[in-house]
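Notes follow the structure.
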Amino acid sequence: MNRLKKKMKKQIQKTPLQMTRRAVQLAFIIFLLFVGWQFYQFYLHFHTLGEEPFVERPAAVEGFLPISALLAFRVWITTWHFDYIHPAGFVLFLFFIASGIFFRKTFCSWMCPVGTISEWMSNLGKKLFKRQFEPPKWLRYILRSIKYLLLIWFVKMVIEMPLVGAIAFMNSDYNKIADVHMLMFFIDVSVLALTVVLVLFVLSLFIKNFWCRFLCPYGALIGLGGLFGVTAITRNEETCIDCKQCTKVCPVAIEVSEKSQVRSPDCSACMHCVEVCPKKDTLYMSSAGFKLNKWIVPTVFFVLFFGTVVIAQLTGNWNTSITYEQYQNLIYFMD
């Protein structure tokens, strides 16, 4: 039995879909490292008063500003005023939140750098300790509530902010270079922040995907779209042999083998459970009662993602309206 389980595990790791997913994860990690380096060079040009050569600011860096985007969303649905200060961040925020309705948390399992690193740490933990430790069910419920409490806190803070104050903050000098402040957080990281990151890394070694499952408010917000049930993992109870392999491989510990349909907001549509199932057509992604090919969800997700980015660029809704001269003053006087 143990040999069979190990064989099945190796087979799922080498399936075309999972190999593609890992390649995409790695590609986005490399891309984001390039974006980070390019943005750092952009910052250095202004920080050194022009001694370092000017490098164009990569708009993709705004994807790391979800709080600013959440505030921009509040202003947008109230006044229909589009955020031209961090337009790329706002476009990405809208796309990822909307994608949760149709593609579940595909963003988390295919693109998110934190999710990728968390997954890598979990896999490393398995190799080091030959197992992973799962908190008891009652503790999982408590831990899972943390990300929703954080989400409620952020949303409550934005909703309760007066509209005039929200607009004023969006146009404030601080928000205009919120990306630079974020960069400073990583360059001049505090002892407390470094300690928290190290603790999360260690926890991820022992408990799979600890950050994604219990702490990430952004993932929680995207996951809420899955409650609409446009897509879901469906289990054919008549042909199921109750081997529970689908539950064991789930990266977020959903008890797939106990459900007729997986509608949990934690499901990231990684397709691990579908591919490990030994019985054909017993476990599959479905929509409106129709079985979907396992490639459909990620393929359509990325087609729409790149299409959205291209349209935003062509319509002038991607690059910031902040001028070179404004950055000169804002970055020089940021302290």
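Numbers for residues simply follow the sequence, beginning at 1. In what follows, every heavy atom counts, from backbone to side chain, and hydrogens, waters and symmetry copies are set aside.
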Exercise. Do the rings of F129 and F206 sit parallel, tilted or perpendicular, given the 30° and 60° boundaries?
Worked result: parallel
Residues which pass side-chain hydrogen bond (donor to acceptor under 3.5 Å, both in side chains) with [X], listed by chain and number, not counting sequence neighbours:
X	value
E62	R57
T315	N317
H47	Y43
K176	none

Exercise. Just checking, any donor-acceptor pair under 3.5 angstrom between side chains of Q18 and R21?
Worked result: yes
Exercise. Between the side chains of E255 and T247, is a donor N or O closer than 3.5 angstrom to an acceptor N or O?
Worked result: no
Exercise. Among the clusters formed by ILVMFWY side chains lying less than 4.5 Å apart, do I187 and V61 turn up in the same one?
Worked result: yes
For this session: Kindly work out whether a path of hydrophobic side-chain contacts (I/L/V/M/F/W/Y, heavy atoms less than 4.5 Å apart) joins Y141 to V252.
Result: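 Each belongs to a different hydrophobic cluster.
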Residue pair [X] / [Y], side-chain heavy-atom distance below 4.5 Å:
X	Y	value
F64	V35	no
F103	V230	no
E119	C212	no
L221	F96	no

With distance as the sole test, does [X] use its side chain to make a donor-acceptor pair with the main-chain N or O of [Y] at under 3.5 Å?
X	Y	answer
H272	C250	no
Q38	V55	no
S286	A232	yes
T320	I85	yes
Q25	S109	yes
H86	D179	no
R104	S264	yes

For this session: Start with the C-alpha distance between I233 and C267, add both sets of side-chain angles, then the distance that settles side-chain contact (heavy atoms from CB on, under 4.5 Å), and finish with yes or no.
Result: CA-CA 9 Å; I233 299 294; C267 177; 4.2 Å; yes
Please enumerate all residues that pass ring pair (Phe, Tyr, Trp, His ring centres under 6.0 Å) together with [X], with sequence neighbours excluded.
X	answer
Y218	none
F201	none
F302	W110

Problem set entry | F46/Y324 aromatic ring centres below 6.0 Å |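 Under 6.0 Å, so yes.
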Exercise. Does W37 have its ring centroid less than 6.0 Å away from the ring centroid of Y40?
Worked result: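 Between W37 and Y40, the centre distance is under 6.0 Å.
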Seminar exercise, completed: residues 141-154 vs salt bridge (Lys or Arg N to Asp or Glu O under 4.0 Å), sequence neighbours excluded, gives R144-D266, K147-D266
For this session: Give every residue pair that meets the salt bridge (Lys or Arg N to Asp or Glu O under 4.0 Å) criterion with at least one member in residues 211-221, sequence neighbours excluded.
Result: E134-R213
Exercise. Which pairs pass side chain to side chain donor-acceptor pair (under 3.5 Å) with one or both residues in residues 288-308, sequence neighbours excluded?
Worked result: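 For residues 288-308: E275-K294, D281-K291.
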Exercise. Applying side chain to side chain donor-acceptor pair (under 3.5 Å), which residue pairs with at least one partner in residues 150-172 are found, sequence neighbours left out?
Worked result: K156-E160
Problem set entry | Residues E258, K244; criterion salt bridge (charged side-chain N to carboxylate O under 4.0 Å, His left out); working and verdict | CA-CA 9 Å; E258 306 297 323; K244 299 188 184 301; 2.8 Å; yes
For this session: Evaluate the criterion side-chain contact (heavy atoms from CB on, under 4.5 Å) for residue pair L304 and F102; output intermediate values, then yes/no.
Result: CA-CA 11 Å; L304 292 178; F102 303 96; over 6 Å; no
For this session: Check the pair V274, L17 against side-chain contact (heavy atoms from CB on, under 4.5 Å), reporting the backbone distance first and the verdict last.
Result: CA-CA 11 Å; V274 171; L17 180 64; over 6 Å; no
Considering only distance and modelled atom types, tabulate donor-acceptor pairs under 3.5 Å from the side chains of residues 69-80, sequence neighbours left out.
unit_1	atom_1	unit_2	atom_2	d
R74	NH1	V158	O	2.8
R74	NH1	M161	O	2.4
R74	NH2	M161	O	3.2
T78	OG1	R74	O	2.7
T79	OG1	V75	O	2.8
T79	OG1	H81	N	3.2

Problem set entry | P298 versus T106, closest heavy-atom pair with distance |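 Residues P298 and T106, closest heavy atoms: CA-CG2, 4.4 Å.
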